[in-house]
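Notes to accompany the following structure.
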Amino acid sequence: MTSQPDMMMPADLPAPAEAASSEAPWLAGLNPEQQAAVVAPDGPLLVLAGAGTGKTRVLTTRLAHLLLSGRARPWQVLAVTFTNKAAREMIGRVSDLLGRSVEGLWLGTFHALGARLLRRHAELVGLKANFTILDTDDQLRLIKQVIEAADLDPRSWTPRALLAIIERLKDRGHTPGNAPESELGDFAFGRSRELYAAYQERLLTLNACDFGDLLLHGLTLFGAQPDILADYQRRFRVLLVDEYQDTNVAQYLWLRLLAQAHKNLTCVGDDDQSIYSWRGAEVGNILRFEQDFPGARVVRLERNYRSTGHILGAASGLIAHNRSRLGKTLWTEDEQGERVRIASLWDDEEEARFVGEEIEAHQRRGGNLNDIAVLVRAGFQTRAFEERFINLGLPYRVIGGPRFYERAEIRDAIAYLRVVHQPEDDLAFERIANVPKRGLGDATLQLLRRTGRDTGQSLVAACRTLCATDELRPKLRTTLIQLLQDFERWRELTTRVPPREVAETVLEESGYVRMWQEDRAPDAPGRLENLKELVHALEEFESLGGFLEHVGLVMDNAADPAGDMATLMTLHGAKGLEFDTVFLPGWEEGVFPNQRALDEGGAKALEEERRLAYVGMTRARRQLTVCYAANRRVYNQWAASLPARFIAELPGGHTEFLMRQSVPEPQISGWFDDLKAGGRGPGFQRMRAAGKAPLIEGQARVLRSELPRSAHRLEVGQRIFHEKFGYGRVLAVEGNKLEIAFDKAGTKKVIDSFVAPA
DNA sequence: GGATTGTGTATTTTT
DNA sequence: TACACAATCC
C-alpha cells in the first residue's frame, strides 16, 4: 500500500476571509463554535455535535464555505451522508447557500459512493460495469444454494445465520482470504470461510454485488491498484462525513485510504447517538478519531437549539448513565417548559388510546398533526397505534413500513428488467423463468442449473447451449428459444427507447400484465396498479441501469404522503428528525430495552439501548411523553411487564408521573425494587423523595381478551367502507375478524369495528 | 403443477 | 399463536 508523505496543504490557495461575516454572509446566525467548525482550516477535524446543536447546518455550511471561498472545487469534494434522504437534503441546502445548483460533487451514502466508484473499475475486481446490486432476499436465496451445494442441510445451518456471519465479516473489511479465524464462528463445523468464499465466487459469476461488497471491493481495489487509489487521493481535496459515530470498520478504512493524501477530513457525529452497532457500526471510530488523525482539531457543539430545558435535562440525565462516552454538557437558553411526562397504562391498547386522546386534545387546541411523532422500539409496536388511529379517524403516516420495491409483483417486474439489463443475473432469471407459467418447471430449471454449472455459464447462456442440442423436448425447446428471442429484442430496445417504454413493452409482451389481468384473486387489481406506479417511476430515469441502481441502493419508501398527519415510526428511523410533540411508548423491560439485544450484547447493548432512548427523547422540541404498559401480550399470552429501567434513570426534577385513576395497577407496586439493585437507583430515590414514585395497591383483574363487538352485523358479500383501506367486499367472517377484498388495497383481514356498511 | 398438511420459528433496529 | 415454508399427496 502506498503511503503518502505527511505534509501540509500546499500554500497555493488564497487565504480565505475567515470569520468576517460581512464578507461571508453565510456565517451569519451561527454561534462561535459553529463558526469555528465551518471555517476551520485544512486538516482533520472532528465536530462533536450533541443532539439539536445544528450539526447538519454546520456540515452544509462548511461545504458551502469551502466552495465559496475557493478552497475546493465541487469535483474535489467527497461528502458522505447516512441516508439517501440526507444526501438529497444536503444537496438542496448547499445549493440554497450558493444560490445555484452544484454539480460534480461526490455526495451520497457510503454505499452509493462505493457503487459509483466500483462501476468505474469493475473489471479490476472481476465484475462488469453493469453489475447487479442484490437485496437481502436475493442474498438469502444465493446463500441457500451455496449451503446446499456444500452438502449441508439449510434447516440445521440456516442461510440467515450464514448471511449474518458474512455481513459481519464484510462490515469489518474481511475478505474470505483474510478473515481472522476468531471471527469466523463455528457455522457448519467451521466451514464459514469456505462457504463465504463460495458465496463470493457465485456473486462474481452472477456479475453481482451485495451491499457489503460495494465497500469491500473498493478496499480490495485500492489495495491492489495503488495508482488508482493515488488518483482519488489527489482528487478528493475535501472529505466530509456525517453521522460518523455510525460508520463501520470497512467504511472507516475506505475513508482513511481516501483521506491519506490531503488529510483533509471533517467528521461530524455524536457518540451518544450511536445506534447501529448491530449493523457493524463501531463507536470506537469516533472515540479514536484523535489518535487516528494526529493533530486533529476537535470542535464541540453543546448549545442545543431544539428542546426545552426539562426535555434536555431529562435526556442528559439518562445518557449520563452510560460509561463509554466522550461526555458533553448540553445547554439551552430555551425556557424550562413542561416536565417530561411519564404515563403508566394498563396494556398496549390503553396506551394507544391514551396517545390517541392526547393527539386529539392537541388537535382541538389548534395544533398540527405534522408536529407529532410516536416513536417505537420495533416495527410490530405500530400496530396497536394504527388500529386506534384508524378508529379515531386520525390521519397518520407510518415511515418505514413495507416497502414498495419488496412487493412480489414489483420484484417480478424488476427481475425482468434485470435480466434485460444484465443477462448473467441468474437470480432474477430464476424468479421469472416460469412467471407467467410457460412450462418451465422445476425439472427444466434443474437441468439449466446443472448445464450452467458444468459449463460455467449463466442460466441464459445455458438455455442457448441446450437449445442448440436436441436434448430437449421440442415444445420446451420452442418455449426457450422464444424466451431468449424476447430478451434479445427487449435488450435491443433499450438502445432506442426510454426505460419507461422498455418496461411497458417487457411487461406486456412477457405476458406478465396479462397474468394479473386474468387472475381472479381480489388483490390482482391492486397489483396492476402497483405495476403502473412502477412504470411511472421509471420516467425519471434516463437509463435502465440508472433505475436499477436506484432500486438497489435507495431502499427508502416513496415520498412521505403529504397532508397533516401524525407520524409513526421506529426510533432508528427518527434519527436526525425533530417534532414539537413526541410520544415514546413501550418503555418496558424486554421491549425497550429490547430483550434480544440484551441477550446478544450484554452491557454494551444496554448502553446502546440507552442511547436509543436518548435519541428518541431529544427528537422532541416542546413536549415529551414516555409511556409504559403494565401488561402486554407476548405470543398472544398476557404477561405482566416491568417499566423500563430507563424510567428510573430520568432525573426526577424534570419529570412528572401521570397515573390513570381508572386503572388499577397491581404489578406496579414496588416495581422499581425489582429493578436497579433493589430500588436504590438515584432516579428512584429522587422520585420517592418528591412523592412521585407510584405506589398503588390493587388486585389483578381478569383481562379483557376481546374487542367489543361491532354494532354492525356484516355478512359475506356485503359492500363495506374502511377508513384506511377504502371500499371493499366482505369475503369471510370469523368472529370479529373479517376478510375483505378491498378495491384498492388488496385482500386484508381486519377487525369488524373498523368497517362500516357502505 | 397445485392443494393440503405439518413443522419450525418468530419480534430489533436498515444502507 | 400465526405465519411461512417444505414435504407430501393428488
Side-chain angles (χ1 to χ4, degrees), chain A residues 80-87 108-115 133-137 139-141 144 148 153-156 158-161 164 167 170-171 209-215 242-243 246-248 250-251 273-281 348 375-383 399-403 405-406 408 434-445 549-557 569-575 586 588 590-601 605 608-609 611-613 615-616 632-638 705 734 737 749:
Chain A
V80 192
T81 57
F82 189 68
T83 61
N84 295 291
K85 189 169 156 228
T109 61
F110 274 107
H111 299 282
L113 294 168
I133 300 169
L134 300 187
D135 62 20
T136 313
D137 218 71
Q139 288 184 64
L140 284 171
R141 281 193 293 149
K144 193 174 166 213
E148 280 165 349
D153 184 353
R155 279 172 312 186
S156 353
T158 65
R160 197 161 279 287
E167 273 183 341
K170 288 187 175 181
D171 284 343
C209 254
D210 65 19
F211 256 78
D213 283 340
L214 295 175
L215 290 160
D242 199 3
E243 309 282 11
D246 285 321
T247 51
N248 62 34
Q251 292 163 340
Q273 294 187 64
S274 162
I275 54 175
Y276 280 93
S277 73
W278 51 274
R279 213 173 73 191
D348 56 341
L375 309 179
V376 297
R377 175 63 180 86
F380 72 89
Q381 291 173 266
T382 58
R383 213 191 69 211
I399 309 284
R403 299 192 173 96
Y405 291 126
E406 282 170 14
N434 205 28
V435 182
K437 303 251 175 306
R438 39 173 87 86
L440 293 179
D442 233 17
T444 314
L445 225 48
E549 174 104 346
H550 170 83
V551 174
L553 288 171
V554 180
M555 297 302 283
D556 49 33
N557 268 314
M569 64 173 135
T570 65
L571 288 159
H572 284 88
K575 185 162 89 159
E588 295 134 43
V591 176
F592 186 35
N594 178 279
Q595 192 55 50
R596 236 175 105 159
L598 296 186
D599 291 347
E600 280 164 27
E608 178 144 321
E609 295 287 299
R611 289 194 291 269
L612 200 47
V615 167
R632 197 166 284 272
R633 235 182 316 199
V634 183
Y635 299 121
N636 247 11
Q637 288 253 315
W638 284 103
S705 59
E734 264 177 83
K737 280 189 196 147
K749 282 193 177 153

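Just so we're on the same page: letters track the sequence lines, and every chain starts at 1. All heavy atoms count here, side chains included; hydrogens, waters and symmetry mates do not.
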Next on the checklist: Show, in sequence, the C-alpha distance, side-chain angles and deciding distance for A/Lys144 and A/Arg141, and conclude whether the side-chain contact (heavy atoms from CB on, under 4.5 Å) test is met.
Outcome noted: CA-CA 5 Å; A/Lys144 193 174 166 213; A/Arg141 281 193 293 149; 5.6 Å; no
Checklist entry - With respect to the phosphate group of B/dT12, does any side-chain polar atom (N or O) of A/Arg596 fall under 4.0 Å of OP1 or OP2? => result yes
Checklist entry - Does a side-chain N or O from A/Thr570 land closer than 4.0 Å to OP1 or OP2 of B/dT14, or not? => result yes
Next on the checklist: Distance check needed: B/dA10 P versus A/Asn594 CG, whole Å only.
Outcome noted: 14 Å
Checklist entry - For A/Ile133 and B/dT14, what is the distance between atoms CD1 and P respectively, to the nearest whole Å? => result 20 Å
Checklist outcome for this item: Out of B/dG1, C/dA6, B/dT12, minimum distance to the side chain of A/Arg377 belongs to B/dT12
Checklist outcome for this item: Rounded to whole Å, the CD1-P distance (A/Ile399 to B/dT13) equals 15 Å
Item to check | Atom-to-atom span, CZ of A/Arg160 to P of B/dT13 - whole angstrom | outcome: 11 Å
Next on the checklist: So, under a plain 3.5 Å distance rule, would you say the side chain of A/Trp278 forms a donor-acceptor pair with the base of B/dT12?
Outcome noted: no
Item to check | Which nucleotide in B/dT11, B/dG1, C/dA6 has an atom nearest any side-chain atom of A/Phe380 | outcome: B/dT11
Next on the checklist: Roughly how many Å apart are C/dA4 and B/dT11, using the C1' atom of each and rounding to a whole number?
Outcome noted: 15 Å
Checklist entry - B/dG2, B/dT15, B/dT13: which one has an atom nearest the side-chain heavy atoms of A/Thr83? => result B/dT15
Item to check | Comparing A/Thr158 and A/Glu167 on DNA chain B - which has the more 5′ nearest nucleotide | outcome: A/Thr158
Next on the checklist: For the aromatic rings, using the six-membered ring if either is Trp, is the centroid distance between A/Phe82 and A/Phe110 under 6.0 Å?
Outcome noted: no
Checklist entry - How is A/Lys144 classified with respect to the nucleic acid when contacts are heavy atoms under 4.0 Å: base, sugar-phosphate, or nothing? => result sugar-phosphate
Checklist entry - Between atom CG in A/Asp599 and atom P in B/dT12, what is the gap in whole Å? => result 10 Å
Checklist outcome for this item: Testing B/dT15, B/dT13, C/dA6 for proximity to the side chain of A/Phe211, the answer is B/dT15
Checklist entry - Roughly how many Å is it from CD in A/Glu243 to C1' in B/dT15, rounded to a whole number? => result 13 Å
Next on the checklist: Is A/Asn248 close enough to B/dT15 that one of its side-chain N or O atoms is under 4.0 Å from OP1 or OP2 there?
Outcome noted: no
Checklist entry - When you match A/Glu608 and A/Lys437 each to their closest nucleotide on DNA chain B, which lands nearer the 5' end? => result A/Lys437
Item to check | Among B/dT15, C/dA6, B/dT13, the nucleotide that comes nearest once only the side chain of A/Ala378 is considered | outcome: B/dT13
Next on the checklist: Rounding to an integer number of Å, can you tell me how far A/Leu375 CG sits from B/dT14 P?
Outcome noted: 12 Å
Checklist entry - Under a 4.0 Å N-O cut-off, is there an ion pair linking A/Arg383 with A/Asp348? => result no
Item to check | Smallest separation among heavy atoms of A/Asn434 and A/Leu440, with atom names | outcome: OD1-N, 3.1 Å
Checklist entry - Is it the case that A/Gln595 and A/Asp599 place a side-chain donor and acceptor less than 3.5 Å from each other? => result yes
Checklist entry - Using a cut-off of 4.0 Å on non-hydrogen atoms, how would the nucleic acid contact of A/Phe110 be classed: base, sugar-phosphate, or nothing? => result nothing
Next on the checklist: Tell me the interatomic distance from A/Asp137, atom CG, to B/dT14, atom P, rounded to whole angstroms.
Outcome noted: 17 Å
Checklist outcome for this item: Of the listed B/dT15, B/dT11, B/dT14, the closest approach to the A/His572 side chain comes from B/dT14
Next on the checklist: Could you go through A/Asp210 and A/Lys170, starting from their C-alpha distance and side-chain angles, then the distance that decides it, and tell me whether this counts as salt bridge (Lys or Arg N to Asp or Glu O under 4.0 Å)?
Outcome noted: CA-CA 10 Å; A/Asp210 65 19; A/Lys170 288 187 175 181; 2.7 Å; yes
